[in-house]
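Remember, predicted model here, so these are calculated numbers, not experimental data. First the proteins, then the strands, lettered A, B, ... as listed; each starts at 1.
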Amino acid sequence: MHIFDSVQKTKRKFTPLKEANATLYVCGPTVYDDAHLGHAKSALVFDLLTRVLEANGYTVTYARNITDIDDKIIKKAIEQKKNIKEITDFYTDAFHTEMQAIGVKRPTLEPKATQSLEAMYALIQQLLDKGHAYKTANGDVYFDTASDAKYLSLSHRIQNEEDKQERIESSSFKRNSADFALWKSVKDDSVTFDSPFGAGRPGWHLECSAMIEKHLAYKNREFAIDIHGGGADLLFPHHENEAAQTRCATNHALANYWMHNGFVNIDGEKMSKSLGNSFFLKDALKEHDGEVLRFYLLSTHYRSDFNFNTEDLMHSKKRLDRLYRLKKRLFGLAKNEEDTAFTKSLLKSLNDDMNVSTALALIDEMISNANETLDTAGKHKQLKRDTMANLTYIETLLGFGLKNPYEYFQFGVDSATKEQIDTLIAKRNEAKKAKDFALSDSIRNEILAFNVNLMDTPQGTFWEKI
RNA sequence: GGUGCCAUCGCCAAGUGGUAAGGCCGCAGCCUGCAAAGCUGCUAUCCCCAGUUCAAAUCUGGGUGGCACCUCCA
């Protein structure tokens with residue numbers, strides 16, 4: 001398979017550091033608020049990546065951190081008069097629930113910053129020992145960017161001299177404006193940790209490097225891990241700094257491949273608090289099936305920016321509906337081996353830097369072909385079993401079509417309404433039997449008022465929520 | 001100001017040197033009591049200009065128009 005490396009800016013063949021294994025680290029959420037659609041997108045992209053890697057036979061070790069030390073968390077705790085752990089536990093649980101709703105599997109490891117402090121101390125000490133970090137008069141420890149010849153090689157930035165001078169004056173403790181905190185000394189009575197460098201809190205960038213060393217890193221290879229992922233905004237400064245820390249403190253570079261997913265905008269606007277609740281995943285999940293959100297958010301290439309809007313989402317849903325209608329036609333049937341021309345070409349397109357668009361086009365084509373054959377040769381057993389195999393393959397590789405197809409089409413309809421609809425359908429069928437089409441049509445209009453579609457089939461009359 | 005990305009049918013969106021995938025919408029037809037669903041058919045020469053090439057949406061240069069990062073951020 002090939003993936004686009006956002007540091008080398010080219011598609012590269014994926015060659016693992018250790019045969020048949022793949023190690024992946026993705027920057028996870030800071031748990032101080034509800035997950036928004038951007039968190040969902042990032043989690044979905046790398047969930048898909050692990051599925052594709054696994055489909056290629058790799059054993060994937062996937063770590064996604066939980067940042068549970070952060071100024072914003074502390075601020076929230078003070079505002080809500082709760083302790084830090086209440087806040088972080090609450091939002092961590094919510095994150096897990098919502099990710100599950102959109103079909104994101106749990107990573108192999110979910111290290112928390114609070115459980116990785118020793119690894120952070122070790123990293124700081126190594127950087128101090130090697131002369132890549134320095135302590136300041138007020139007790140902070142900074143990374144010395146001037147000591148790292150490869151600094152900015154990740155993001156391909158050029159140090160801006162004017163900017164450099166300007167900021168040095170405003171921060172008397174740093175040697176260089178680009179230097180970033182490894183340890184921030186905190187003297188007040190808020191949340192602090194007693195480190196060998198005094199009481200304080202770790203710098204944000206440090207956490208990821210430390211967790212990778214502790215949980216994932218190969219010890220004697222050129223790179224600590226195979227793939228490092230995250231949102232496009234993290235390339236600089238976060239990933240640049242992570243890479244610098246690891247490179248300077250250890251004997252290996254951080255990652256062989258870097259992957260960055262594009263941003264999610266809402267109705268053409270950058271997500272912001274001013275958009276109200278419209279960008280929280282939990283709110284989107286009240287309106288739409290999680291799998292529809294998954295399908296929609298994954299429907300365009302992961303590196304492109306994504307413009308979320310309800311109209312496109314509904315169009316996308318119609319595409320997923322086709323998959324579920326085919327599943328309805330085959331519901332409960334046995335399947336053959338999942339090794340067809342279709343499954344091969346599906347994996348092939350995803351192996352090309354996760355080309356989901358091509359994959360979806362293949363799925364559409366498979367659905368049309370299957371429907372056509374089913375229409376003309378309904379007893380084609382072999383085709384049915386192959387189609388079932390194809391659907392199962394789509395479920396595991398892409399996470400689409402996992403639900404009961406009848407329940408899928410009833411999203412958001414309460415049981416009382418369902419009963420009313422069923423009663424009306426029974427009445428309508430009686431009218432139809434009596435050839436009283438005026439009556440049956442008027443009953444249909446009553447049913448349509450529930451915002452559902454009706455469809456008469458040889459197996460009976462079914463309804464779908466629109 | 002620095003760095004980088006993008007511009008393909010009404011909308012969403014692949015393709016990145018060999019003569020434009022797919023979905024939604026629309027139109028016509030088959031099926032249906034009528035619908036819905038399903039199926040079939042139809043619907044773009046790729047922002048503009050110049051160049052390279054036997055051949056360009058795809059490469060080069062110039063324009064125009066969007067956007068992102070450079071501060072916490074998925």
Exercise. When rounded to the nearest Å, what value does the distance between C1' atoms of B/rU43 and B/rA20 take?
Worked result: 14 Å
Exercise. How far does the P atom of B/rG2 sit from the matching atom of B/rU58, given to the nearest Å?
Worked result: 27 Å
Problem set entry | Touch class at under 4.0 angstrom, heavy-atom based, for A/R64 against every strand present | nothing
Exercise. Contact class for A/T457 (heavy atom, under 4.0 Å): base, sugar-phosphate, or nothing?
Worked result: nothing
For this session: Provide, to the nearest angstrom, the distance between the NZ atom belonging to A/K432 and the P atom belonging to B/rA35.
Result: 13 Å
Exercise. C1' atom, B/rU19 versus B/rU53: distance in rounded Å?
Worked result: 14 Å
For this session: Could you encode protein contacts along nucleotides 4-16 of chain B as a string, one character per nucleotide from 5' to 3', using B for base contact, S for sugar-phosphate-only contact and - for no contact, with a heavy-atom cut-off of under 4.0 Å?
Result: -------SSSSS-
For this session: Mind running side-chain hydrogen bond (donor to acceptor under 3.5 Å, both in side chains) on A/D305 and A/N265 for me, showing each step along the way?
Result: CA-CA 7 Å; A/D305 281 346; A/N265 296 317; 4.7 Å; no
For this session: For A/D441, answer base if it contacts any base atom (sugar-phosphate contacts may also be present), sugar-phosphate if it contacts only those atoms, and nothing otherwise; contact means non-hydrogen atoms under 4.0 Å.
Result: base
Exercise. Along nucleotides 26-31 of chain B, 5' to 3', which nucleotides get a B, which get an S, and which get a -, given that the test is a protein heavy-atom distance under 4.0 Å?
Worked result: ------
For this session: Respond yes when some side-chain nitrogen or oxygen of A/R325 is under 4.0 Å from OP1 or OP2 of B/rG38, and no when none is.
Result: yes
For this session: Indicate whether the side chain of A/N176 and that of A/D179 have a donor and an acceptor atom separated by less than 3.5 Å.
Result: no
Exercise. Of A/E372 and A/D364, whose closest RNA chain B nucleotide lies nearer the 5' terminus?
Worked result: A/D364
Exercise. Looking at A/S155, does any N or O in its side chain come under 4.0 Å of the phosphate oxygens OP1/OP2 on B/rU3?
Worked result: no
For this session: Look at the side chain of A/R322 and decide which nucleotide, out of B/rC34, B/rC24, B/rA36, has an atom nearest to it.
Result: B/rC24
Problem set entry | G-U wobble or Watson-Crick pairing nucleotide for B/rA68 (cut-off 3.5 Å, both distances) | B/rU3
Problem set entry | Short side-chain to backbone donor-acceptor contact, A/R12 and A/D5, under 3.5 Å | no
Problem set entry | Pairwise P distance, B/rC72 and B/rA14 [rounded to whole Å] | 31 Å
Problem set entry | P gap between B/rU52 and B/rA13, integer Å | 35 Å
Show the distances under 3.5 angstrom between N or O atoms of the protein and N or O atoms of nucleotides 72-74 of chain B.
| residue | atom | partner | partner atom | Å |
| --- | --- | --- | --- | --- |
| B/rC72 | O2' | A/K72 | NZ | 2.3 |
| B/rC73 | OP1 | A/W204 | NE1 | 3.4 |
| B/rA74 | OP1 | A/H39 | NE2 | 3.2 |
| B/rA74 | O5' | A/H39 | NE2 | 3.3 |
| B/rA74 | O2' | A/G231 | N | 2.5 |
| B/rA74 | N7 | A/H36 | NE2 | 3.2 |
| B/rA74 | N1 | A/V264 | N | 2.9 |
| B/rA74 | N3 | A/G38 | O | 3.3 |

For this session: Taking only the side-chain heavy atoms of A/K318 (C-beta and beyond), determine which of B/rG23, B/rG2, B/rC25 contains the nearest atom.
Result: B/rC25
For this session: For residues A/M388 and A/K335, report the shortest heavy-atom separation together with the two atoms involved.
Result: CB-CB, 3.5 Å
Exercise. Any chance the rings of A/Y393 and A/F342 have centres within less than 6.0 Å?
Worked result: no
